[in-house]
Amino acid sequence: MALYELVDIGANLGHPSYQKDLNEVLDRAKQAGLSKIMVTGTSETISHECAKLVEKHPGFLYFTAGVHPHDAKYWNDGTLEALKALQENPSCVAVGECGLDFNRNFSPQDVQKDVFAKQVSLAVQLRKPLFIHEREAHEDMVRILTEVGTSLPPAVIHCFTGTVDEAKKYLEMGLYIGLTGFLWKDRSDNGVQAGLRSGNIPIEKLVLETDAPYMYPKINDKKIPKEIKDLITPETSALHKFSSFNRNEPCSLAAVCELIAAFSGRDPKEVARITTENAKRIYKLQ
């Protein structure tokens, strides 16, 4: 019996590692309390694949459609119209994953900025939420979003790995923060754990995600304080064994919820309720 109702706002379920056992992966997600999963579209092709994938699981799976900064270099004259068409699908709940990644620079920075701005404009035009990726590009991200002004739709900085100050700026702008299993290892003085402990990254502005098959939360790591580890429930640990660094699964979202609760000194049931309500409201999940 699941302890919480949870929504995973970002899982890459089109990843080849799920091809053979996706139904079992989804069954485990349900056992962990997940009532909705958003499958992440990162390119025109992958967004189309996501649309097909979610058809088989209506009301449980939804998808996003966008062009990730890594793929910005492949943007062409037909991409915008293709994304517009995908956004008409009732199961498509956000524009993205889109954004800026100046950490890896798989696409030139100027191209990334141009392609991101086009997708922000699309979200504004369609009044659809934005699912945003940002790595080491905080200032340009703030500038592009600020240019839109008050017409900016609801937006989530997904898989947030930045500093407390960056989080505070995004929150000031009215954005939401998406947290993943990354938080188990972020021990910096001004990172996610510090922001949760201080309340500078408040539960009230969070949504949860696994970013599966990536961002596995290693809940038994020796560097996690004992008082945090002791708050992970046996039910969550039992399902957690199906996830690993080789392949994270949506069922690990219960562990993410409990880690956030432990670091912020809140009840995990409260964290689950608030973040689930946030996700349903932002993405209009019925």
Side-chain angles (χ1 to χ4, degrees), residues 1-15 17-19 21-41 50-51 53-64 90-94 96-97 129 131 156 158-160 176-184 203 206-219 232-244 247-262 266-286:
M1 178 69 186
L3 299 175
Y4 329 103
E5 183 194 355
L6 299 165
V7 172
D8 188 348
I9 67 146
N12 300 282
L13 294 180
H15 192 273
S17 64
Y18 298 116
Q19 267 178 357
D21 65 343
L22 181 63
N23 286 333
E24 288 94 328
V25 168
L26 295 181
D27 284 345
R28 286 192 283 273
K30 288 173 182 171
Q31 286 171 45
L34 277 72
S35 63
K36 314 272 181 196
I37 300 174
M38 286 163 52
V39 185
T40 310
C50 291
L53 176 67
V54 307
E55 274 175 14
K56 298 169 192 157
H57 306 274
F60 182 51
L61 296 187
Y62 299 81
F63 76 103
T64 72
S91 295
C92 184
V93 294
E97 180 177 356
F131 188 74
V156 172
H158 115 95
C159 192
F160 181 77
Y176 287 82
I177 302 284
L179 291 187
T180 65
F182 165 84
L183 75 106
W184 76 270
I203 303 304
L206 291 185
V207 279
L208 307 187
E209 52 182 323
T210 56
D211 203 32
Y214 315 110
M215 294 295 170
Y216 166 69
K218 190 183 176 191
I219 56 175
I232 304 295
T233 62
E235 292 90 342
T236 291
S237 294
L239 272 172
H240 199 67
K241 66 177 184 281
F242 292 100
S243 295
S244 69
R247 188 185 77 167
N248 193 20
E249 287 194 17
C251 67
S252 75
L253 197 65
V256 174
C257 176
E258 292 185 357
L259 281 175
I260 289 169
R266 302 280 284 267
D267 184 327
K269 288 192 169 74
E270 187 184 28
V271 173
R273 178 183 59 76
I274 291 169
T275 56
T276 295
E277 284 171 2
N278 285 346
K280 288 182 175 179
R281 184 176 63 255
I282 296 163
Y283 299 111
K284 297 185 170 67
L285 302 173
Q286 299 308 315

> Donor-acceptor check, side chain of Lys36 to backbone of Leu61, threshold 3.5 angstrom: yes or no?
no
> Provide the closest heavy-atom pair for Ile232 versus Ala255 in the form atom of the first, atom of the second, distance.
CD1-O, 4.4 Å
> Under the side-chain contact (heavy atoms from CB on, under 4.5 Å) test against Val207, which residue among Ile9, Ile274, Ile177 passes?
Ile9
> What distance separates Ile260 CD1 from Leu208 CG, expressed to the nearest 0.5 Å?
4.5 Å
> Taking atom types as modelled, find out whether Glu97 and Thr40 have a side-chain donor-acceptor pair closer than 3.5 angstrom.
no
> Working to the nearest 0.5 Å, report the span between CD of Glu249 and OG of Ser17.
8.5 Å
> May I ask you to test the Tyr176-Arg281 pair for a side-chain heavy-atom distance under 4.5 Å?
yes
> I'd like to know if the side chain of Thr275 and the backbone of Leu206 have a donor-acceptor N/O pair within less than 3.5 Å.
no
> Under 4.5 Å between any side-chain heavy atoms of Glu270 and Ile203, yes or no?
no
> Any non-hydrogen side-chain atom of Ser243 less than 4.5 Å from a side-chain atom of Cys251?
yes
> In the structure I gave you, are the side-chain heavy atoms of Asp8 and Asp211 within less than 4.5 Å of one another anywhere?
no
> Testing the 3.5 Å rule here: is there a donor-acceptor pair between the side chains of Thr276 and Glu5?
no
> So which heavy atom on Phe60 is nearest to which on Ser35, and how close?
CD1-O, 3.3 Å
> Students often mix this up, so state it plainly: with edges at 30° and 60°, are the rings of His15 and Tyr214 parallel, tilted or perpendicular?
perpendicular
> Heavy atoms only: give me the nearest Ala94-Phe131 pair and the separation to one decimal.
CB-CB, 4.3 Å
> On a heavy-atom basis, which atom in Gly181 and which in Val256 lie closest, and how many Å separate them?
N-CG2, 3.7 Å
> Taking all non-hydrogen atoms of both residues into account, name the closest pair between Ala32 and Ala254 and its distance.
O-CB, 4.1 Å
> Would you call Pro217 and Leu183 a side-chain contact if the rule is heavy atoms closer than 4.5 Å?
no
> Only counting residues at least two apart or in another chain, list the ones meeting salt bridge (Lys or Arg N to Asp or Glu O under 4.0 Å) with Lys56.
none
> Does any N or O in the side chain of Thr64 come within less than 3.5 Å of the main-chain N or O of Gly41, such that one atom is a donor and the other an acceptor?
yes
> Does Asn12 reach the main-chain N or O of Gly14 with its side chain, forming a donor-acceptor pair under 3.5 Å?
no
> Would you please test Tyr62 and Val54 for side-chain contact (heavy atoms from CB on, under 4.5 Å) and show each step?
CA-CA 6 Å; Tyr62 299 81; Val54 307; 5.7 Å; no
> Any chance you could lay out the side-chain contact (heavy atoms from CB on, under 4.5 Å) test for Tyr18 and Leu53, step after step, and finish with the verdict?
CA-CA 12 Å; Tyr18 298 116; Leu53 176 67; over 6 Å; no
> Dump the intermediate steps for side-chain contact (heavy atoms from CB on, under 4.5 Å) on His240 and Tyr216, then the final yes or no.
CA-CA 10 Å; His240 199 67; Tyr216 166 69; 3.4 Å; yes
> Looking only at non-hydrogen atoms, find the nearest pair between Leu26 and Leu13 and report the distance.
CD2-CD1, 3.9 Å
> Going through the checks in order, is the side-chain contact (heavy atoms from CB on, under 4.5 Å) test met by His57 and Asn23?
CA-CA 10 Å; His57 306 274; Asn23 286 333; 3.5 Å; yes
> Quick one, Val156 and Pro129 - any side-chain contact, counting heavy atoms below 4.5 Å?
no
> With distance as the sole test, does Glu258 use its side chain to make a donor-acceptor pair with the main-chain N or O of Pro268 at under 3.5 Å?
no
> First locate atom NE2 of His158, then atom CG of Leu179, and finally report the distance between them rounded to the nearest 0.5 Å.
11.5 Å
> How far does CD of Glu209 sit from OG of Ser252, to the nearest 0.5 angstrom?
11.0 Å
> Does a side-chain N-to-carboxylate-O contact under 4.0 Å join Glu24 and Arg28?
no
> Is a side-chain donor-acceptor pair under 3.5 Å present for Asn248 with Thr210?
no
